[in-house]
**Q** 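One structure, pasted below without further comment.
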Amino acid sequence: MKFREMKTQEIENALQTSIKLGLNKDEVTKRQRKHGFNELQEAEKQSALLLFFAQFKDFMVLVLLVATLISGILGEYVDAIAIIAIVFLNGILGFFQERKAEKSLDALKEMSAPQVHVLRDNKWIKIPSKEVVVGDVLKFASGDRIGADLRIIESFSLEIEESALTGESQPAVKTSEPLLFDADGIGDEENKAFMGTMVTRGSGKGIVIATGMDTAMGKIAHLLQTAETMITPLQRRLEQLGKVLIATALVLTVIVVLTGVLQGHDVYTMFLAGVSLAVAAIPEGLPAIVTVALSLGVQRMIKQQAIVRKLPAVETLGCASVICSDKTGTMTQNKMTVTKLWSGGKTWDATGTGYAPEGEFLDGERAVSVQAEKSLLQLLTFGMLCNKADLVRKGDRFTLDGDPTEGAMFVAALKAGLTREQLFEKFTIVKEFPFDSTRKMMSVIIKDEAGKHFVVTKGAPDVLFARCESILWDGKTAPLNKEYQASVHREMEGLASLALRMIAVGYKPLAAGHVVLHEEEAEKNLTFMGLQGMIDPPRPEVKQAIKECREAGIKTVMITGDHVTTAKAIAAQLGILKGKEKVIEGKQLNDLSFEELEEIVEDVAVFARVSPEHKLQIVKALQNKGHIVAMTGDGVNDAPAIKTADIGVAMGITGTDVAKEASSLILVDDNFATIKSAIKEGRNIYENIRKFIRYLLASNVGEILVMFFAMLCALPLPMVPIQILFVNLVTDGLPAMALGLDEPEDDVMKQKPRSPNEGVFARGLGWKIISRGFLIGVSTLIAFYIVYRANPDNLEYAQTVAFATLVLTQLIHVFDCRSERSIFSRNPFGNKYLVGAVLSSLLLMIAVIYYQPLQLIFHTIAIPARDWLLIIGMSSIPTFLLAGSFLARKSK
Ligand code: ATP
C-alpha cells in the first residue's frame, strides 16, 4: 500500500512511530546512522589543489614564469629560483584569501539553515531540519518551509506553495485524508508535503516519509546546484575596471620597455623588467581582497546579530536613506504582558511581568477572585482557547513557544488558575482559522461538553468590533446600540493612549449541525466580549539607534498593524515623530492613489493599521522618490515588500522561512538597533574597500612611474625585476588586507548616505590615487638619482636605496589611506593588524637588504645607516604634502 492511501494508524505502523509521542532519541540516532542526514548532496567543490593552481593561471604570471625559465636556462639560476619563489608566495597568499572568502560564505549558509518543529520523546522541540529522520512527526504553519517529504496527518486550512517542484505559483490546497485515486504527479499528492516547499496558509502536522536525496527535491537536486554566486555592484564595477587597469598597465609597461630599449638598455633585461613590472602593477589581488573585505565585514555583522544573505546588500546598506520598520518586536521588546482587561463596562488590572504565570487581578486596589467575576473568567477562557502559544519552563525561567500576543493572553489565563488541559477536558477544538495579518483576526470553532458549538474570535479591536452585532454586558447579550458602541470606543482610545496593544475577543453560538467552512462566515455577527490590553515596552537601545540614523541622514518610518493611538504613543517615546511628520492609517492609504501616496510619503513617519500589502506600495512610493529603502517583515505576506525593497530585512526569531528567503538581511535578534549597526558596518566595509583600492592603485602607479621616469631621463633601471616583485608582495599582501579590517572612522554615521550610482573613484579617490602615485614615483626616483650621481659605478647601491624608498613610501602611505581626511585625523596606529602587517613587511625589507644570502638573491647591498635619513625623508614627503594640503583646505 502507498502512503497516500493509508490511514494515520497504518502510517504509524509502517514507519514504526507514534504521532502522540514521536520517536525517541535512540531510535533517531539509529535511523540517522542508517540513512544519514536529511541533506541534499552539494555539487563537488573546487578542490584545494585546483584552487591553488588557479592562482597561477593569470596570463602575465605565466609569461613571467616562462621568461624566468628562459633566464634559468641561460644560467641565471638564482634569479629564476627567487622569482619562482616569490610568484609562489603570491599564489599562496591569493589561495588563502580566496579560501577564507569561500569558508565564510559557507558559514553564512549554515547560519541561515532552516529549522523544524519536531515531536521527540513526547515533546515538541525545534531542531535544524538536517537532523530529521523518516518517521519523525513534524508540525508546521503558515510561513514555514517544509523540512522533508511528509504524509500530512492533520491540516487546518492548509495551503502549500510548491512552485519549486511543480512550477505552479498558486498554492495547492492540502488535506490529511487518505486518497484512493492514483497520483499523476506532485500536483496530485494532496495529502503530502514536500521538502523545500512553503506553507502559505493554515497549519498542519505530518509524518516524515522521505529525507535527503530520497525526497522529491533530492531527485531534482542537481538542478538546484547551479545556484548563482552573486557579486556586488562594486565587484562588478571593479571587474570592468580591472580590465582597463590591466590594459593600461600593459601599455605603460610596453612604453617603459621600448623607451628603455631605445635608450640603449639590453633587450632581454628590459623584457624581464617589463614583465615583472606588469606583474607588480596589475592589481590582480584586488578582487580577492574585495571578497575578503566583504566577507570579513559580513562576519563582523554576524557578531552584531545581522546575517547578510545576499552579498550585494552589504554595499546597498551603506546607501540606505529610509528604514521602514515593524514596530512590534523590532522597536519594542515583544515581551507582552496583559495589564488591563475590560468587559461589559468593567476594568481590571493584572499584575506580574514577563511570562511568569504569577500575578493577580485587581478591581481598583482590591484583588478579586476570577471565579467570582464571570465576564473576566470568560474573557480569559476564550483568550486561552483561541490561542496556539505555549509556555516552556526551564528551571525557574519561562520561555514562550509561539506568538507573544497569544503568549500574553495565555499567561493571563494561567494567572487566573486556568490551564489548557483542564479546558480541553470541557472543550474540543473542531476547526481553526489561523491568524493572518491582513484579516488581523484568528478564530476557532469549539464544542463544549453538551455538544454545543461556538465560534471564538480574537483580533484587532476595530476590525473585530466592526463584525459584532451584539455585546456581552452584565452577563447578558444586548444589541450593540450607539451607547455601547461609544463606550467600547472610549475604552479602546483610553487603552491605546497608554501605549497598550489591544486584542478584542468575540464569540457566537452556532446552530446545531451548522457547518462553517470559511472564516468569512465564522467571523461575522459576533458578540463583543471584551478587550485585553498588553504592554510591550520599547527596546531600550532603539531610541539611540533612531537618533544615530537621523544624524546619518537616514529616516526611520514605523509601520505597524497596531492601533493608531498605540503606534503614535510609542513613536513619540522613541523620537520617530518629530515636528511636522505625519501619521497615516491603512484605511487612508486605501483611499489614496499611488501618485497621491508618492506626494506625501516622504512626510509620513508612522503608518498604523496597515496590512502587509500596503508595505509594498510604501516601498515603491519611496523608491520612486529616489530613496534606497530597507524594509523589515516577518510574515508570508511581507515577502513581496521585502523582495522589492533595496534591502529586505527579515526577523530571525519571529520571521517565517518565506520572509527570510525573500530577504537580503536577517536580524538574529529581531532588533531595530541591529539594522543601524549593519548600516554602519555596511558603510565601513565600503570605505575599507575604497581604502585599499586607493592604497593598491596609488602604489602601482608609483611603481610604473618610477621606472618610466627613469627611462625617460635616460637613467639605468632603478630596480631589478626581483626587487619589483618583492615590492608587489608588500603592496598586494598583508598591509592591503589589514586595511580591509579597519575600524570605521568616527564620522561614518555623520555622513549622508552614499549614492548607489557612485563610481569607484568618486569623492576625489581618483585624484588621490594619481597624485599620490606620482609623488611615490618621483620621490623614489629622486632618492635613486641622488645616490646614483654620487656613486655612478655602484648601481646596486642606488638600486637598493630606490628599493627601500619605494617600499617605505608605500608602507607610510598605507597609514594615510586609513582616513578620507589626513593621517593625523585619527590615531595612525589604531589598526593593530595594519601595524603588524607593516612591521613584518619592514622586517622582511631589512632582511632583504642586510642578510647576506638574501642580498645575493635580491641584488641588494648593505647600505650605510646615514642613507636611511634620505630614504625616510623621501618616503615621508608625500604624506606631509598631503597632510599640509588638507590643513590648508580646512583653514580656508
Ligand atoms: P507590526 O507590524 O509592528 O509587527 P503588529 O504585530 O501589530 O505590528 P500584525 O502582526 O500584522 O502587526 O498584527 C495586526 C493586528 O492584528 C495587531 O495589531 C493585533 O491587533 C492583531 N493580532 C496580532 N496578533 C494576533 C493574534 N495572534 N491573534 C489575533 N489577533 C492578532
Side-chain angles (χ1 to χ4, degrees), residues 141-143 203 323-336 338 382-390 400-410 432-444 456-467 492 495-496 499-506 519 522-523 526 531-534 536 538-539 542 556-571 574 576 585-586 606-615 618 631-638 641-642 649-651 653-656 659 667 670-672:
S142 161
S203 60
I323 308 174
C324 296
S325 168
D326 286 335
K327 168 180 73 68
T328 310
T330 315
M331 295 187 172
T332 63
Q333 299 183 11
N334 214 2
K335 286 213 178 101
M336 305 214 205
V338 172
F382 281 2
M384 189 174 231
L385 281 171
C386 184
N387 194 321
K388 302 194 60 142
D390 217 341
L400 176 72
D401 180 14
D403 171 44
T405 307
E406 296 190 349
M409 297 173 81
F410 186 75
E432 179 191 309
F433 300 109
F435 172 76
D436 82 62
S437 34
T438 308
R439 247 165 69 240
K440 301 188 172 67
M441 287 188 288
M442 159 182 179
S443 301
V444 287
V456 176
T457 304
K458 74 175 195 313
D462 45 351
V463 180
L464 192 139
F465 191 60
R467 308 227 176 182
M492 291 203 288
L495 291 183
L500 290 182
R501 177 185 178 84
M502 279 172 295
I503 297 292
V505 179
E519 63 218 16
E523 292 164 350
L526 299 169
L531 296 165
Q532 298 202 16
M534 45 197 90
D536 180 14
R539 289 177 181 264
V542 168
T556 307
V557 176
M558 175 191 277
I559 298 196
T560 175
D562 222 340
H563 194 280
V564 62
T565 319
T566 313
K568 253 195 217 167
I570 295 192
L574 290 174
I576 293 179
E585 272 190 273
V606 177
F607 290 91
R609 269 287 171 260
V610 292
S611 309
E613 295 73 49
H614 291 130
K615 286 187 170 180
I618 298 170
M631 168 66 88
T632 70
D634 47 17
V636 180
N637 305 339
D638 290 334
I642 295 182
V649 186
M651 300 300 144
I653 306 170
T654 58
T656 54
L667 307 180
D670 289 13
N671 190 345
F672 177 86

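Just follow the structure's listing: the first ligand is 1, and inside any ligand the first atom is 1.
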**Q** Identify the closest protein heavy atom to atom 2 (O) of ligand 1: which residue and atom is it, and at what distance?
**A**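 It is G561 N, 3.3 Å.
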**Q** Should one rank S437, A460, S611 by closest heavy-atom distance to atom 20 (O) of ligand 1, which comes out on top?
**A**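 Answer by nearest heavy atom: A460.
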**Q** Please confirm whether I559 approaches ligand 1 to less than 4.0 Å, judged on its heavy atoms.
**A** yes
**Q** At a 4.0 Å cut-off, with the gap strictly under it, does some heavy atom of R609 reach an atom of ligand 1?
**A**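 So R609 counts as touching ligand 1.
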**Q** Where does D403 meet ligand 1, judged by heavy-atom distances below 4.0 Å: at the side chain, the backbone, both, or neither?
**A** side chain
**Q** Ignoring angles and geometry beyond distance, decide whether T560 reaches within less than 3.5 Å of ligand 1 through its nitrogen or oxygen atoms.
**A**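 In this structure, T560 places an N or O atom under 3.5 Å from an N or O of ligand 1.
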**Q** With sequence neighbours left out, write down each residue that passes salt bridge (Lys or Arg N to Asp or Glu O under 4.0 Å) with R609, or none if nothing qualifies.
**A**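 R609 satisfies salt bridge (Lys or Arg N to Asp or Glu O under 4.0 Å) with D462 only.
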**Q** In chain order, what residues pass the side-chain contact (heavy atoms from CB on, under 4.5 Å) check against A522, with sequence neighbours excluded?
**A** F433, V455, V516
**Q** Can you report which non-hydrogen protein atom sits closest to atom 4 (O) of ligand 1, along with the distance?
**A** T328 CB, 3.5 Å
**Q** Show the atoms of ligand 1 that are less than 4.0 angstrom away from any heavy atom in E406.
**A**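 Listed by number with element, the hits are 26 (C), 27 (N), 28 (N).
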**Q** Closest non-hydrogen protein atom to atom 28 (N) of ligand 1, residue and atom name please, with distance?
**A**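 Sorting protein heavy atoms by distance from atom 28 (N) of ligand 1 puts K458 NZ, 3.0 Å first.
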**Q** Applying a strict 4.0 Å limit to heavy atoms, is G329 in contact with ligand 1?
**A** no
**Q** Looking only at protein heavy atoms, identify the closest one to atom 31 (C) of ligand 1 and say how far it is in Å.
**A** F435 CE1, 3.1 Å
**Q** Quick test: of every protein heavy atom, which one is nearest to atom 19 (C) of ligand 1, and how far off is it to 0.1 Å?
**A**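 Heavy-atom neighbour on the protein nearest atom 19 (C) of ligand 1: I503 CD1, 3.6 Å.
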**Q** How close does the nearest protein non-hydrogen atom get to atom 17 (C) of ligand 1, and which residue and atom is it?
**A** R501 NH2, 3.6 Å
**Q** For atom 3 (O) of ligand 1, which protein heavy atom lies nearest, and how many Å away is it?
**A** K327 N, 2.7 Å
**Q** Measuring from the heavy atoms of M502, does anything fall under 4.0 Å of ligand 1?
**A** yes
